[in-house]
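Have a look at the structure below, then the notes.
Because the structure is a prediction, the values reported are computed rather than measured.
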Amino acid sequence: MQGRLSAWLVKHGLIHRSLGFDYQGIETLQIKPEDWHSIAVIFYVYGYNYLRSQCAYDVAPGGLLASVYHLTRIEDGVDQPEELCIKVFASRRNPRIPSVFWVWKSVDFQERESYDMLGISYDNHPRLKRILMPESWIGWPLRKDYIAPNFYEIQEAH
């Protein structure tokens with residue numbers, strides 16, 4: 001089932017794939033990585049002025065990685081703001097997705113966490129580096145094919 005935004009994107013020749021609606025009725029769209037930045041700017045201009053959250057997940061062992069964006073259109077005098085979910089899939093071998101930091105600054109730490117945990121590189125992010133794991137950490141801990149090291153450094157709590 002195609003939603004209002006999907007129909008609008010089709011009307012304007014913007015390539016995407018409708019993934020339907022989630023359990024709350026929020027429209028979900030899939031955007032190709034190479035189209036994501038320009039479509040993100042279009043959504044911002046269209047009124048989606050708030051990036052509520054960004055997260056990422058490993059679709060399947062050896063499969064694609066996904067970066068998920070929850071956008072909200074906040075307007076004065078509107079009780080129920082419009083929401084939209086965007087999924088951008090990247091290959092596991094070279095997971096690269098354009099950063100939307102310059103569109104929504106709130107994505108800063110969230111893209112860094114996705115990089116740190118899954119190894120998705122967000123092109124043009126101003127400070128893309130590990131945020132939770134030490135810089136020396138090898139691997140991407142939330143990938144389904146990650147093999148945990150058999151040692152852990154114990155640090156004193158004081």
Hey, is the main chain of A56 close enough, under 3.5 Å, to the side chain of E113 for a donor-acceptor pair? no
Does atom NZ (K105) have a neighbourhood of more than 12 heavy atoms from anything else shown, all under 6.0 Å? yes
Go through the steps for W36 and Y69 under the test ring pair (Phe, Tyr, Trp, His ring centres under 6.0 Å), then give the verdict. CA-CA 11 Å; W36 172 224; Y69 303 82; 4.7 Å; yes
Taking Y115 as the starting point, is it possible to reach W102 by hopping between hydrophobic residues whose side chains are less than 4.5 Å apart? yes
In the single-linkage hydrophobic clustering (I, L, V, M, F, W, Y; side-chain heavy atoms under 4.5 Å), do L142 and F109 co-cluster? yes
Those residues that, when tested against D145, pass salt bridge (charged side-chain N to carboxylate O under 4.0 Å, His left out) (two or more places apart): R92
Please name all residues satisfying salt bridge (charged side-chain N to carboxylate O under 4.0 Å, His left out) with R93, sequence neighbours left out, ordered by chain then number. none
Could you tabulate the donor-acceptor pairs under 3.5 Å formed by side-chain atoms of residues 39-52, not counting sequence neighbours?
from: Y46; atom 1: OH; to: R4; atom 2: NH1; distance (Å): 2.9
from: Y48; atom 1: OH; to: E82; atom 2: OE1; distance (Å): 3.0
from: N49; atom 1: OD1; to: I74; atom 2: N; distance (Å): 3.1
from: N49; atom 1: ND2; to: I74; atom 2: O; distance (Å): 3.2
from: R52; atom 1: NH2; to: E83; atom 2: OE1; distance (Å): 2.7

Does any part of the side chain of C85, heavy atoms only, come nearer than 4.5 Å to the side chain of Q24, both counted from C-beta? no
Indicate every side-chain donor-acceptor pair of residues 116-123 with a distance under 3.5 Å to a residue at least two apart or in another chain.
from: D116; atom 1: OD1; to: R130; atom 2: NH1; distance (Å): 2.5
from: D116; atom 1: OD2; to: I131; atom 2: N; distance (Å): 3.1
from: D116; atom 1: OD2; to: L132; atom 2: N; distance (Å): 2.6
from: D116; atom 1: OD2; to: M133; atom 2: N; distance (Å): 2.8
from: Y122; atom 1: OH; to: Q54; atom 2: NE2; distance (Å): 3.1
from: Y122; atom 1: OH; to: S67; atom 2: OG; distance (Å): 2.9
from: D123; atom 1: OD1; to: R96; atom 2: NE; distance (Å): 3.2
from: D123; atom 1: OD1; to: R96; atom 2: NH2; distance (Å): 2.7

Nearest heavy-atom pair of C55 and S114: which atoms, and what distance? C-OG, 3.9 Å
For T72 against P81, the heavy-atom pair lying closest together: CG2-CB, 3.7 Å
Could you list all the salt bridge (Lys or Arg N to Asp or Glu O under 4.0 Å) pairs where at least one residue sits in residues 23-34, not counting sequence neighbours? none
Each residue besides V68 in its hydrophobic cluster should be listed here, by chain and number; the cluster joins Ile, Leu, Val, Met, Phe, Trp and Tyr at side-chain heavy-atom distances under 4.5 Å. Y57, V59, L64, F89
